[in-house]
Structure formats: structure tokens, C-alpha cells
Peer 1: 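Next up is a structure, given as C-alpha cells.
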Amino acid sequence: MEERTSLIKIKPKNYSDGEIVKVDFMVMHPMETGMRKDKKTGEIVPAQYINNVKFNYNGKLISSMKVWESVSVNPVFTIAMKVAGQGKLTVTFTDSTGESSENSIMIQPKG
Amino acid sequence: MQRRDFFKTLGTAAVVGATLPVMGMAAEEKKKGPNEFSYNQAVSAITGGKTAEKSDKVHLKVPEIAENGAVVPVTVEVDSPMTAHDYVEEIHILDTKNSNSRCVDAFFTPANGKAFLSTRIKLGGTQDVVALVKLNNGTYLIATQNVKVTIGGCG
């Protein structure tokens, strides 16, 4: 199984407890629709797109997404999140071929 | 063969040669994707037949003219206190003309603090982008904006 490069960013970088921050989740993923033809071989590239993204904060599901093939290549998903103490934010995603991967970031509010 | 006959046949060949690839492309467009949802099907699948109200509470941000249909940034923000009794449950991003009208269905909880969703979608041509929002009391709100696409992004 190929590991997908993914990245989680919290905006702004410095935040305090109780603040509402934005969470950017980016993945390197081809998001094939199953309708595109390979220009060299002329064959249809099989569909492979992310269909599920889950945001877990301290083991509690805060947000989930059902994603379809109309989302761009190398997708970025941004949501808002309320900081509630120190903890771990884990983002899990699966794609239509059953491939899944996860990434996590430590939430450390200042002050 | 006379000179003018020769040019006539040459002309017909050129016309045939030019039209054939166009016909080929038209056939390609009918290819089916993995999921087929027309806009109306998608809306009824989400709302279950309920009507969605147009609302100023839903802020949909999409560029009016997208130069590249492969990457169209979409931002949806909903005015909501996001408390346990009053929060936004779902935000759906839809379009009206892609072969699959559904782009993202996002589900939220009060822990989000703010109903905000931003992503980038592919648009096959000039069409409307729609944000369909479900509140926790079961009402649906909707916001629409037309996007002019100069270069299609599907394929």
C-alpha cells in the first residue's frame, strides 16, 4: 500500500484555549474520476477518489465528510474547530479503492 | 482527373477528417462516471423531498469567473451559534451540471465552534455552485452562485 503524503495545519499558529481555529487538511491524491483517458495509451484511467474523511479530537469525532469525485486533485479540506485543552487531532481518510491512511497533530494551546 | 476535381476531393477529405475527431469526442462525453447524480436527484437524496429555503445566513464564496475549472475554491460559512441546541448539522457542496452533482457532504458537531467548510472542486463547464445546509432542527437552507468556467476541468 502506497503511503499518501498528507499535512495538517492549524491557523493561526499560536492559539489559546477556547479559541476557534481553522484546520487545514491536505492530501496528495490523484482523485481520478474514472472518466479521464490516459493521453499516451488511450485507456480510461480507473476511478480512485477519496470518499471519506474523519476528524477526531481526543478520540471524539468532531467532523466527518463524505467526498465525491468532483473534488480537485490533491484536495484541501478546511474546517473550524474549538480548542478544548491539550490533545491530539487525528485525521483519517479512505479512498474508493479501500486505501486508507491517517495523520495527526498535537494541539497545544498557549496561555 | 482534372485540377478542379482534385481540389474538390481534397476539400471533402479535409471536412471528413475534421468532423471525425469531433464525433469521437462527443461519444466520449457520454461515458459514465462511477456515480451518477443529477442535481435534482442529489438534492432529493439529501433533503428527502423537503424544500430548502434561500437564506442570507449561508455565505457561499466562489469566484464568479474561474479560469481553470480543475481547481475552483469554494468556501461556505453559516451564521450559527453552534451550541448543543442550535447548530449546523450538514453542509453539502453541489453543482448543477457535472455528471455527479455531489462534491462534498460534510457533517458537523457543536465541537466545531463555527460552521465553516472550504475546499476546491472541479467544474466541467459554466454552471451554478450550490451550498445546501441542514440545521439540527431539520430545516434546509440554500445558497447559489453562478460560476463562469473558461476551461473545463473534467478530463
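Residue numbers start from 1 in every chain, and the chains themselves are labelled A, B, ... in the order their sequence lines are given, proteins ahead of strands.
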Peer 1: Chain A: which of B:Ile91, B:Thr75, B:Asn35 shares the most heavy-atom pairs with it under 4.5 Å?
Peer 2: B:Asn35
Peer 1: Quick one: what part of B:Val72 sits under 4.5 Å from any heavy atom of chain A, side chain, backbone, both or neither?
Peer 2: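 Contact with chain A is through the backbone of B:Val72 alone.
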Peer 1: Taking distance alone, no hydrogens or angles, what donor-acceptor pairs closer than 3.5 Å link side-chain atoms of residues 70-77 of chain A to residues at least two apart or in another chain?
Peer 2:
residue: A:Ser70; atom: OG; partner: B:Asn100; partner atom: O; Å: 3.2
residue: A:Ser70; atom: OG; partner: B:Arg102; partner atom: O; Å: 3.2
residue: A:Ser72; atom: OG; partner: B:Ala70; partner atom: O; Å: 2.7
residue: A:Ser72; atom: OG; partner: B:Arg120; partner atom: O; Å: 3.3
residue: A:Ser72; atom: OG; partner: B:Ile121; partner atom: N; Å: 3.4
residue: A:Ser72; atom: OG; partner: B:Ile121; partner atom: O; Å: 3.2
residue: A:Asn74; atom: OD1; partner: A:His29; partner atom: N; Å: 3.0

Peer 1: Between B:Asn136 (side chain) and B:Val88 (backbone), is there a donor-acceptor pair under 3.5 Å?
Peer 2: no
Peer 1: Sort A:Phe25 into side chain, backbone, both or neither according to what part of it lies under 4.5 angstrom from a heavy atom of chain B.
Peer 2: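 Interface part for A:Phe25: neither.
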Peer 1: For a quick test of your reading: what N or O donor-acceptor pairs under 3.5 Å do the side chains of residues 39-48 of chain A make, sequence neighbours left out?
Peer 2:
residue: A:Thr41; atom: OG1; partner: A:Glu43; partner atom: N; Å: 3.4
residue: A:Gln48; atom: NE2; partner: A:Asp95; partner atom: OD2; Å: 2.9

Peer 1: Identify which part of A:Ile20 has an atom lying under 4.5 Å from any heavy atom of chain B, answering side chain, backbone, both or neither.
Peer 2: side chain
Peer 1: Between the side chain of A:Tyr57 and the main-chain N/O of A:Lys82, is any donor-acceptor distance below 3.5 Å?
Peer 2: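 Pair absent, no side-chain N/O of A:Tyr57 close to backbone of A:Lys82.
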